[in-house]
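One structure is given below, encoded as structure tokens.
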Number of protein chains: 2
Amino acid sequence: MNEPCKQHYVAGDDRRTAIAAATRTLIAEHGFEGLRMREIAERIGINIATLHYHVPSKAALVELLAQSLRDEFMAQHAANPRDALSPRQLLALEIDEFEQTVLTNPGLHIVYRELMNRAARDETVRTIISPLSQFWHNQITRILEAGRADGSFRADLDPQAGASIVIGSLIQYSRECHNKEVDFAPLRAELLRCVSTPGDPRPDERKTA
Amino acid sequence: MNEPCKQHYVAGDDRRTAIAAATRTLIAEHGFEGLRMREIAERIGINIATLHYHVPSKAALVELLAQSLRDEFMAQHAANPRDALSPRQLLALEIDEFEQTVLTNPGLHIVYRELMNRAARDETVRTIISPLSQFWHNQITRILEAGRADGSFRADLDPQAGASIVIGSLIQYSRECHNKEVDFAPLRAELLRCVSTPGDPRPDERKTA
DNA sequence: ATTAAAATCAATCAAGTGATTGATTGATGA
DNA sequence: TCATCAATCAATCACTTGATTGATTTTAAT
């Protein structure tokens with residue numbers, strides 16, 4: 001008979017990756033207040049002491065989680081080429097990438113929303129998540145500025161406020177699809193109408209699926 | 001000398017109100033995962049057993065909290081008269097009321113965001129918070145429909161998506177003012193521009209402060 | 001005044017809960 | 001081969017935490 005599969009001795013970095021993944025899953029399931037060190041260890045099949053060997057404390061775990069989230073968002077954003085795209089196409093791409101992430105990995109955004117709330121009162125989380133949010137906000141702001149400059153977006157558009165509107169709308173939509181199917185198309189179309197110059201000839205902005 | 005002020009024997013309803021208030025404060029401070037029955041009791045100066053007499057379990061406490069939040073939002077909304085207001089004025093009023101609440105009672109929205117997250121995985125919270133969110137969403141949707149009908153808002157405005165945009169933007173803004181001063185005016189102006197008919201003569205929509 | 005119900009508290013329980021200790025096991029380079 | 005170190009685990013500690021028990025005190029109705 002086979003011995004019970006001993007997965008002993010995994011390299012530290014891989015362990016930490018697995019720990020971050022399990023932490024995400026558990027937070028998505030039970031929220032921050034339901035996050036237990038023991039359950040993380042159990043989920044990846046290691047002893048609680050081994051978990052504390054790799055991640056010395058729960059605070060360090062939260063830090064690891066925040067970093068893991070930041071890394072994934074950054075990688076996601078760097079995946080698509082952005083050269084030679086019009087501002088309108090860039091904005092559409094941002095929306096499509098968000099929808100893609102929500103549908104592909106819904107737990108990611110559950111954890112992101114949880115971390116944003118926690119950032120309001122947790123210094124450590126804030127220093128990691130806040131730059132991420134600001135990067136996103138700047139990204140959208142610059143797209144809106146460019147579109148205003150080339151005339152495709154409204155001349156009286158406020159890029160800063162517009163970015164808050166776009167981001168807030170996307171997060172709101174991601175919240176609404178807790179389990180039911182949510183169609184991003186109406187939001188996508190409405191957001192593009194909101195910022196576009198009225199009466200502008202609208203080129204086909206269909207998704208590049 | 002005075003005896004240490006014994007606040008013994010308060011009516012049950014008043015106690016439950018005080019418990020709900022203390023619960024809000026504590027969640028705003030330490031989040032859901034930092035909510036402790038003992039700390040609630042301590043905050044209002046009663047024994048832990050007395051707390052359990054009025055609120056039998058932590059689940060019941062969360063339910064009480066959700067109801068308290070719903071009641072306050074509804075009361076807030078009923079405070080301002082809405083007769084004889086144009087759709088544009090109604091939308092502006094919604095935004096102003098939100099800003100007012102955020103500035104007056106910031107903890108309220110911290111708890112609201114926390115409850116919305118929890119609603120995604122907690123049936124009890126969802127059944128209380130979900131109708132509240134839908135009421136708000138319907139309110140905005142109807143305003144946008146009315147504005148589209150009377151020509152003050154864009155003819156191609158999608159009221160449903162527009163409501164998600166308005167609400168999402170407001171919540172996003174409330175998140176951004178975790179402690180720093182945040183000016184709602186730019187968002188307010190941009191939201192009104194987003195939905196308005198282009199080139200429309202814009203009457204003075206200043207706040208009725 | 002009597003009495004039943006409501007409200008309160010001190011003490012305690014059982015199940016966690018993050019963290020530590022001390023020893024063991026496997027990999028790796030000299 | 002052997003010494004070193006990263007990785008692992010069983011056992012346990014000290015403390016937390018939601019909840020309960022049983023008695024006591026105040027309120028309110030008769």
Side-chain angles (χ1 to χ4, degrees), chain A residues 2-27 29-66 114 118 121-122 124-125, chain B residues 2-27 29-66 114 118 121-122 124-125:
Chain A
N2 283 336
E3 292 284 309
C5 177
K6 292 189 180 181
Q7 309 184 8
H8 276 309
Y9 292 88
V10 174
D13 281 344
D14 293 342
R15 264 300 181 236
R16 283 174 65 90
T17 303
I19 290 171
T23 304
R24 273 198 221 168
T25 306
L26 289 176
I27 287 184
E29 285 177 9
H30 312 124
F32 241 118
E33 86 274 15
L35 183 62
R36 300 285 174 262
M37 300 295 279
R38 276 177 171 77
E39 204 171 352
I40 298 170
E42 191 178 337
R43 184 69 64 111
I44 59 183
I46 61 174
N47 188 278
I48 175 75
T50 305
L51 174 58
H52 271 98
Y53 169 80
H54 291 285
V55 180
S57 70
K58 198 169 186 181
L61 177 76
V62 174
E63 198 173 342
L64 171 68
L65 169 73
E114 211 85 36
R118 194 186 172 99
R121 74 189 97 93
D122 185 324
T124 307
V125 173
Chain B
N2 282 336
E3 291 283 309
C5 176
K6 290 189 178 181
Q7 308 184 7
H8 276 309
Y9 291 87
V10 174
D13 282 344
D14 294 341
R15 265 295 183 241
R16 284 173 65 90
T17 303
I19 291 172
T23 303
R24 274 198 219 169
T25 306
L26 290 175
I27 288 184
E29 285 177 10
H30 312 125
F32 239 119
E33 86 273 15
L35 183 62
R36 300 286 173 262
M37 301 294 280
R38 274 178 173 74
E39 206 171 349
I40 298 170
E42 191 179 338
R43 185 68 65 108
I44 58 183
I46 61 173
N47 188 278
I48 174 79
T50 306
L51 174 58
H52 270 99
Y53 169 78
H54 291 285
V55 180
S57 71
K58 197 169 186 180
L61 177 76
V62 173
E63 199 173 342
L64 171 68
L65 169 73
E114 211 85 36
R118 194 186 172 100
R121 74 188 97 92
D122 186 326
T124 306
V125 173

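Residue numbering restarts at 1 for every chain, and letters A, B, ... go by the order of the sequence lines.
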Quiz item: With respect to the phosphate group of C/dA6, does any side-chain polar atom (N or O) of B/Arg15 fall under 4.0 Å of OP1 or OP2?
Solution: no
Self-check item: Spacing between A/Asn47 atom CG and C/dA23 atom P, to the nearest angstrom
Solution: 16 Å
Quiz item: Which distance, rounded to the nearest 0.5 Å, do you find between the NE2 of A/His54 and the CZ of A/Arg15?
Solution: 6.0 Å
Practice problem: Could you state the atom-to-atom distance from CG of A/Leu61 to C1' of C/dA19 in whole Å? | Solution: 14 Å
Quiz item: Does A/His54 make a side-chain N or O approach to OP1 or OP2 of D/dT8 shorter than 4.0 Å?
Solution: yes
Quiz item: Say you draw a straight line from OG1 of B/Thr17 to CG of B/Leu64; how long is it, rounded to the nearest 0.5 Å?
Solution: 8.0 Å
Quiz prompt | Separation of C/dG18 P from A/Lys58 NZ (nearest whole Å) | solution = 4 Å
Quiz item: Mapping B/Gly45 and A/Ala59 to their closest nucleotides on DNA chain C, which lands nearer the 5' end?
Solution: B/Gly45
Quiz item: Under a 4.5 Å cut-off applied to non-hydrogen side-chain atoms, are A/Ile40 and A/Leu61 in contact?
Solution: yes
Practice problem: Could you check if a side-chain atom of B/Val125 sits within less than 4.5 angstrom of a side-chain atom of B/Val62, using non-hydrogen atoms only? | Solution: yes
Quiz item: Thinking salt bridges, do A/Glu29 and A/Arg43 make one under a 4.0 Å N-O criterion?
Solution: yes
Quiz prompt | Identified side chain to side chain contact (heavy atoms under 4.5 Å, CB included) counterpart of B/Ile48 within the set B/Arg38, B/Glu39, B/Arg36 | solution = B/Arg38
Quiz item: Want to settle it: does A/Tyr53 or A/Thr50 sit nearer the 5' end of DNA chain D, counting the closest nucleotide to each?
Solution: A/Tyr53
Practice problem: Round to a whole Å and report the spacing from CZ of B/Arg16 to P of C/dT8. | Solution: 13 Å
Practice problem: Using a cut-off of strictly less than 4.0 Å, decide whether A/His52 has a side-chain nitrogen or oxygen near OP1 or OP2 of D/dT8. | Solution: no
Quiz item: To the nearest angstrom, how far is A/Asp14 atom CG from D/dA6 atom P?
Solution: 16 Å
Quiz prompt | Of residues 30-39 of chain B, the positions that come close to DNA chain D - non-hydrogen atoms, cut-off under 4.0 Å | solution = B/Leu35, B/Arg36, B/Met37, B/Arg38
Quiz item: Please give, in whole Å, the distance from C/dG18 P to A/Leu26 CG?
Solution: 12 Å
Exercise. Answer yes when B/Arg121 and A/Glu33 have at least one side-chain N-carboxylate O distance shorter than 4.0 Å, and no when they do not.
Key: yes
Practice problem: Whole angstrom is fine here: how far is it from CD1 in B/Ile48 over to C1' in C/dC13? | Solution: 13 Å
Self-check item: Spacing of A/Glu42 atom CD relative to C/dG18 atom P, expressed in whole Å
Solution: 13 Å
